[in-house]
Amino acid sequence: MDRIVIEGGNRLIGEVKISGAKNAALPLMAASILTEENNTLHNVPDLKDIDTFKKLLLHLGAAIEGGKNTIRICTKDIKNYEAPYELVKTMRASVLVLGPLLARFKKVKVSLPGGCAIGARPINLHLAALEKMGAEVTIEHGYVTASAGRLKGTKIYFDIPTVTGTENIMMAACLADGRTILENAACEPEVVELANMLNKMGACIEDAGTDVITIEGVKGLKAAEYTIMPDRIEAGTFMVAAGITQGNILIKDCPLQHLDALTLKLKEVGVEIKSENSGVRVIGNYPVGSVDIKTLPHPGFPTDMQAQIMAMMSIASGLSVITENVFENRFMHVAELRRMGADIKIEGKSAIVRGRPFLSGAPVMATDLRASASLILAGIAAHGITEVSRVYHLDRGYERIDEKMKKLGANIKKVKA
Ligand code: EPZ
């Protein structure tokens with residue numbers, strides 16, 4: 001398996017351009033199922049997860065054209081309504097075909113995604129909502145099968161503000177009969193991105209981005225062309241890269257408006273963040289202050305930035321308490337950071353991070369996408385050599401992050417297996 005080798009100690013200086021948002025691209029690709037006309041997406045990131053989703057759409061019978069960052073999707077000839085285990089197990093976001101397939105074709109069979117490194121990640125809320133809209137849902141042999149006449153608009157309350165749950169039901173509700181109101185809906189920017197595209201396709205969605213979203217069902221949707229917003233988590237990762245290396249990075253296409261919680265915490269620990277004409281300048285200072293973090297659904301501190309900020313707090317001057325409130329097992333990076341000399345104690349949902357003057361390079365193993373990013377950041381800041389194995393996780397969600405870090409001055413290289 002490929003691994004990444006880093007010789008740490010360099011300050012990161014220069015500029016980096018943020019790619020399109022993975023967690024917007026995936027639901028927008030799923031939305032193409034809702035119309036038999038061609039949807040065109042621009043600024044699509046070149047990632048493994050995007051390739052997997054393309055494979056799934058092709059498996060269903062869609063046609064896909066285009067290059068690396070632009071794709072045209074035609075779902076006119078979809079004749080297979082099954083998302084198989086082989087594809088779903090590699091990428092749980094495959095469940096995003098559930099709502100659109102059911103809404104357009106009245107039937108769907110999707111493998112249950114199963115758990116992943118960061119938690120059980122059930123989809124019970126997705127299924128309960130579809131049942132409330134009139135779908136017949138059964139689960140057997142590891143597959144969800146759902147069928148319905150025309151789905152009926154209704155009021156749905158999510159026990160937890162689920163991002164893909166909100167997206168799945170929002171898509172299903174677009175073609176339902178009548179009005180659907182989603183309460184305690186996810187407010188993530190990627191949900192707003194999906195609503196914007198669906199409205200361009202002729203849907204009637206209001207108040208996406210708040211916790212109460214209203215969707216008036218329509219008879220059909222037409223084609224749309226859409227440019228995907230930059231990836232706020234990739235941008236946040238580079239902001240932390242500047243902070244952890246006392247670097248100076250100009251981040252182009254940085255969606256600062258979606259990063260308030262992270263920005264406030266970074267400023268609290270002494271990072272300078274200011275908007276310039278051509279991007280957002282992020283300057284790390286020494287020493288790094290310590291700060292407490294609680295991850296929460298948007299607009300709270302993003303769980304997808306928890307592992308990265310923990311790497312930075314590992315060299316802060318003081319004690320930081322990082323509480324993970326979204327996923328039940330998202331501390332897999334702690335053991336690996338400890339191998340690099342980090343002083344971290346886990347107490348329930350909280351990690352107590354006692355900052356050390358520096359980390360030392362070591363062989364470590366990536367366990368999930370954002371844990372991989374955390375180890376890369378730690379390696380770049382550490383004294384000595386760090387080897388990160390299982391870096392296939394990285395390629396799922398970061399477009400050539402090793403090349404982008406190298407351009408900023410990191411001594412980093414990907415070593416083919
Ligand atoms: C989305 O996952 C993102 N993925 C995740 O990003 C992100 O970490 C997560 O939202 C939280 O922000 C995509 O958008 C493709 P949830 P999702 O449903 O939708 C529980 C990354 O690194 N829950 O909002 O799967 C669930 O177990 C990935 O890019 C239920 O109990 O997350 C979790 O504890 C990782 N039942 C909480 O809700 C359900 O039916 C939030 O999960 C659904 C969710």
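Note that ligands are numbered from 1 as they come in the structure, with each ligand's atoms numbered from 1 the same way.
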Problem set entry | No-hydrogen, no-angle side-chain donor-acceptor test under 3.5 Å, T303 and E324 | yes
Exercise. Only one of L57, L221, N39 forms a side chain to side chain contact (heavy atoms under 4.5 Å, CB included) with I33, so which one is it?
Worked result: L57
Seminar exercise, completed: In chain-and-number order, ligand 1 lies under 4.0 Å from a heavy atom of each of K22, N23, A93, R121, P122, I123, N124, L125, H126, I160, P161, T162, V163, T164, T303, D304, V326, F327, R330, L369, R370
Problem set entry | Distance-only polar pair, side chains of Q306 and H333, donor-acceptor under 3.5 Å | yes
Exercise. What residues, two or more places apart in sequence or in another chain, satisfy side-chain contact (heavy atoms from CB on, under 4.5 Å) together with N325?
Worked result: K294, T295, L296, T323, K349
Exercise. Are I273 and L256 close enough that some pair of their side-chain heavy atoms sits under 4.5 Å apart?
Worked result: yes
Problem set entry | K109 NZ/CZ over Y143 ring centroid, <6.0 Å and within 45° of normal | yes
